[in-house]
Amino acid sequence: MARSRHALSSGWQFRETVGNSSSDAPWLPVQAVPTQVHMDLLANNEIPDPFLDLNELKVRSLAEKQWTYRTQFSRPAPPSSESPITTDLVFEGLDTFTTVSLNGTEILTSDNMFISHRVDITDQLKDTNNLEIHFDSAMLRGRQLVEQHSHEHTFYVRQTEVSRVPVRKAQYVWTEHEVSEDIQSCSGRIIVKVSEAHGQSVQVSLSLNGLVVFEEDCITNANGVAEALFSIARPELWYPFTHGAQTRYELKASLGSHDSMSKKIGFRRAQLIQEEDEFGKSFFFRINGNDVFCGGSCWIPADSFLSQIPEQRYRDWVKLLYEGNQNMIRVWGGGIYEHDIFYDACDELGIMVWQDFAFACASYPTYKSFLDSVEAEARQNIRRLRSHPSLVIWAGSNEDYQVQERYKLEYNYEDKDPQSWLKSTFPARYTYEYLLPKILSEEDRFAIYHPTSPWGDGKITSDPTVGDKHQWDIWHGAMNRYQEAFRLSARFISEFGMEAYPHLETINSMITVEKQRYPGSMMMDFRNKAIDHERRVATYVNENFTVKYDISSYTHLTQMVQAEAMHYAYTTWRREWGRRKCGGVLVWQLNDCWPTMSWAVVDYYLVKKPAYYAIRNALKPISIGISKEYHDWTSGHVDPTDSFKDSKFDLWVASDQIQAVKADVTVRFISIQTGKDMRPPMRIESITVNPNSITEILRNHDIMESRAEVKCKLQSFSIAELDPYVIYATIEIDNSVIASDTYWPQPLKYLEFDDRNITITAMGNSKITITAGRPTKGFVIEETRGVTLSDNGFDIVPGQEKTINVMGTTVQSLRYTYIGAPRGSMPVIA
């Protein structure tokens, strides 16, 4: 029998209700579903835009209300067949406590937004059908559950509403396969489930570029399931984009001429390498036999109102990862299991996905109904996502073991009895170390599982020698300076971050009251949801820069702090890949769910901050790095001139390339005050850049060894005689510069940046060339929505011509600034 689908996406109405009681509130139109009540109220002019000013405060009470949605639909026209007709009503997600009625009869109740539902409504159908969905208040129901189960569980939660903890808020064909260790073959089985089909013939096939490589007819059993074993010699494999092609096969199942289904799948062998070594225990990924350094980001939902995210916006976000040299995205456990389009885009572009199960920052309960819901949620989402080659690891939760540590909940790693865990003060261990891995092994037995993030063999979550780590001693915790990143490494850094303001266009759009557009205003502070954000932002800005408090200057300084933190972190930690000491770095976070200032390196409107470019440059396929010894400048009786007197430095090259290459390196030493070279450049030719590793070129090299007269001058250091210099290094292949790095004495606030002698030349409407007579720090072009730049937030040295390609606007409309620019100055490029 042919299958037909009918989308119930239009014709809806909604209104506020109180339980099952009748209401005098008028029914209001709904533009389309899926939707959220906030968006429908906004469309009907019932509430102000919650993304503007302080309007969020005006809509908070909506969380305590109840709502009913309704629509009518006609009985679907039957297909041309004499066979019995079955009609299912399918809900892909209901948020969260809902009761569904059809023609006055209750047909479904739901309490988990992560679960889809299919209801057979064949016997309830009429010619015209009335469908109603009642939504209870998730917050109030959550509070009731906390009270109801308080005798058996203590609901510890960090920062947010405790009611969220017990609330789970936010036909198929698949293949189970394994790529051989030598990656020369792939074998497994194709499984097809057909509704209400017993003894029917199903044809399954695998094709590559239109060529069928496997095909077989199989018969469904009593459960409607058919299986076919397959084997492919020398398969074309899926790789992260940094290491190979993203080959995908078409998997297809056909039920005669009545119905068919197809999807794209990829074959790859993914391993998490955790082996004892000189640093503790490794933590890195190996894809198809290749070790892969994971440079990327963490991901939160792309919008506070999920119905506002069109498919193209998902693809645009993933494209930003690809264009930014980021090969991994971590889907945070406090968000959702993302839309299929997100994972499709990651498959297509070669972005590896680290997927948290939906638990975050709390001690979750384990009473039976909760665990039953969790099991249904896990199975559904594993089945939905297991065909995506991009999804390389599942983690049980986000930071829940840090909650265990904070509240000193019982945890004995040597105790391996899951039943005893249920009786402890940390029963959620049962979910993360028994239930979820059990379900995953049953649903996708070749998947990689990690009990939580961060986690390492039951040791404290801050242990840098094992597992992954959330490194929050920058920004949170000890508030280390970002220049100390070398002290803060770990086996895999799955979170770290630094806040910054978005560009001015975003600030001006989210703060409509002009008098509130200044650092530290009520509206500016309200938008930032990070605890103690004002003192942390101010500390990092004041430690490193001469502070200007007008909005444009302060915005620029926060962006420079974030970009510098990214440069130090990614460059330093990637350097440790050579000995596999650090297997990956994921910034918190890539994106924002509303317009705000935050840790995001790209704002809500997909406008990139300078930090995005800093990460992109640090993660180039081949990059060059410079470092000097860290010298404190304000603690106790330290000498603040040490950074300027130190003439030793390290130089190295990082490579993701599979093959070794030959390259030439040039190092210049340029006076910050005069712009002149303080000594002839160093030229190091025909260096062999090691594949997929680090090539150390110079260690603790003293540039003054052959310049005794300059060394003497620097040793008799005084502020009046100060002539600090930058170290500028480039790497060339075939006489073309492919990467560069610039080291500046620290802190930058001690340097004089007057009169940089900037020249900007427009080359038509889409290209500019920038030169500087003296070393220039943090040249930032003011980005706006729809504008694409080839680079931003960069440094310029004399003798360098920096060319920037511009798309989405004319270069004459762009504004710019840099460190040392006149206060509040953002002139238009002429």
Side-chain angles (χ1 to χ4, degrees), residues 1-5 171-195 197 200-221 224-241 243-270 287-290 311 314-315 318-319 322 339-353 382-392 443-447:
M1 182 193 311
R3 178 182 59 185
S4 61
R5 292 179 176 175
Q171 302 268 359
Y172 64 89
V173 51
W174 69 288
T175 175
E176 178 184 77
H177 60 268
E178 183 178 26
V179 176
S180 63
E181 189 170 350
D182 63 2
I183 68 171
Q184 293 303 304
S185 65
C186 178
S187 58
R189 57 181 182 146
I190 299 171
I191 302 100
V192 183
K193 181 168 175 52
V194 184
S195 298
Q200 295 206 32
S201 176
V202 179
Q203 184 183 68
V204 295
S205 65
L206 287 168
S207 302
L208 180 62
N209 300 324
L211 179 64
V212 175
V213 298
F214 172 82
E215 189 173 57
E216 185 172 304
D217 289 331
C218 45
I219 304 299
T220 58
N221 61 22
V225 175
E227 294 188 14
L229 301 179
F230 75 93
S231 180
I232 301 175
R234 294 181 296 279
E236 295 191 32
L237 303 178
W238 183 95
Y239 288 84
F241 77 88
H243 287 71
Q246 292 73 60
T247 303
R248 292 188 296 163
Y249 290 72
E250 182 182 30
L251 171 62
K252 186 175 182 179
S254 299
L255 192 64
S257 61
H258 302 299
D259 198 10
S260 65
M261 179 178 289
S262 65
K263 64 171 63 175
K264 289 186 176 181
I265 64 170
F267 299 132
R268 53 103 179 106
R269 181 179 179 86
I287 309 296
N288 302 329
N290 294 321
E311 290 185 3
Y314 272 119
R315 295 187 181 279
V318 176
K319 186 179 179 183
Y322 174 82
H339 194 287
D340 288 337
I341 297 299
F342 173 85
Y343 303 97
D344 287 340
C346 289
D347 290 346
E348 293 167 12
L349 293 177
I351 310 297
M352 295 175 289
V353 176
I382 293 168
R383 290 171 182 173
R384 179 170 67 92
L385 301 178
R386 62 190 170 190
S387 294
H388 291 282
S390 58
L391 204 165
V392 297
E443 299 291 347
D444 189 6
R445 63 193 178 100
F446 298 117

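- Side-chain contact check for Arg269 versus Glu181: some heavy-atom pair is nearer than 4.5 Å.
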| Trace of the side-chain contact (heavy atoms from CB on, under 4.5 Å) decision for Val353 with Leu385 | CA-CA 11 Å; Val353 176; Leu385 301 178; over 6 Å; no
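- Using a 4.5 Å heavy-atom threshold, the side chains of Phe214 and Val204 count as touching.
- In this structure, Arg268 and Leu391 approach most closely via the heavy-atom pair NH2-O, 2.7 Å.
- Glu178 CD to Ser185 OG: the interatomic distance, rounded to the nearest 0.5 Å, is 9.0 Å.
- No option in Ile191, Val192, Val194 other than Val192 meets the side chain to side chain contact (heavy atoms under 4.5 Å, CB included) test with Val173.
- Tyr343 and His388 have tilted rings, their planes meeting at an angle from 30° to 60° on a 0 to 90° scale.
- Between Asp340 and Arg384, the shortest heavy-atom contact is OD1-NH1, 2.7 Å.
- Taking both residues in full, the closest heavy atoms of Ala270 and Ile287 are given as CB-CD1, 3.8 Å, listed atom of the first, atom of the second, then distance.
- Between atom CD of residue Gln200 and atom SG of residue Cys218 there is a gap of 12.0 Å, rounded to the nearest 0.5 Å.
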Donor-acceptor contacts, no H, no angles, side chain residues 225-241, under 3.5 Å, sequence neighbours left out:
from: Glu227; atom 1: OE1; to: Arg189; atom 2: NH1; distance (Å): 3.1
from: Glu227; atom 1: OE2; to: Arg189; atom 2: NH1; distance (Å): 2.9
from: Trp238; atom 1: NE1; to: Asp347; atom 2: O; distance (Å): 2.9

| request: Check the pair Ile351, Ser390 against side-chain contact (heavy atoms from CB on, under 4.5 Å), reporting the backbone distance first and the verdict last. | output: CA-CA 6 Å; Ile351 310 297; Ser390 58; 5.8 Å; no
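- Nearest heavy-atom pair across Ser180 and Asp182 is OG-OD1, 2.6 Å.
- Between the OG atom in Ser205 and the CG atom in Leu251 there is a gap of 7.5 Å [rounded to 0.5 Å].
- The nearest pair of heavy atoms linking Ser387 to Lys263 is OG-NZ, 3.6 Å.
- Among residues at least two apart or in separate chains, there is no salt bridge (charged side-chain N to carboxylate O under 4.0 Å, His left out) pair with a member in residues 202-216.
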| request: Apply side-chain contact (heavy atoms from CB on, under 4.5 Å) to the pair Ile265 and Trp174, showing each step before the final yes or no. | output: CA-CA 9 Å; Ile265 64 170; Trp174 69 288; over 6 Å; no
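- To the nearest 0.5 angstrom, Thr247 atom OG1 is 11.0 Å from Lys264 atom NZ.
- No side-chain donor-acceptor contact under 3.5 Å links Glu250 to the backbone of Arg248.
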| said: If you apply the rule side-chain contact (heavy atoms from CB on, under 4.5 Å), what do you find for Lys252 with Ser260, and how did you get there? | reply: CA-CA 7 Å; Lys252 186 175 182 179; Ser260 65; 4.2 Å; yes
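- Nearest heavy-atom pair, Tyr322 versus Leu349, reported as atom, atom and distance to 0.1 Å: CD1-O, 3.6 Å.
- For the atom pair CD1 of Ile341 and CD of Glu311, the computed distance is 3.5 Å after rounding to the nearest 0.5 Å.
- In this structure, CG on Leu206 lies 6.5 Å from OG1 on Thr175, to the nearest 0.5 angstrom.
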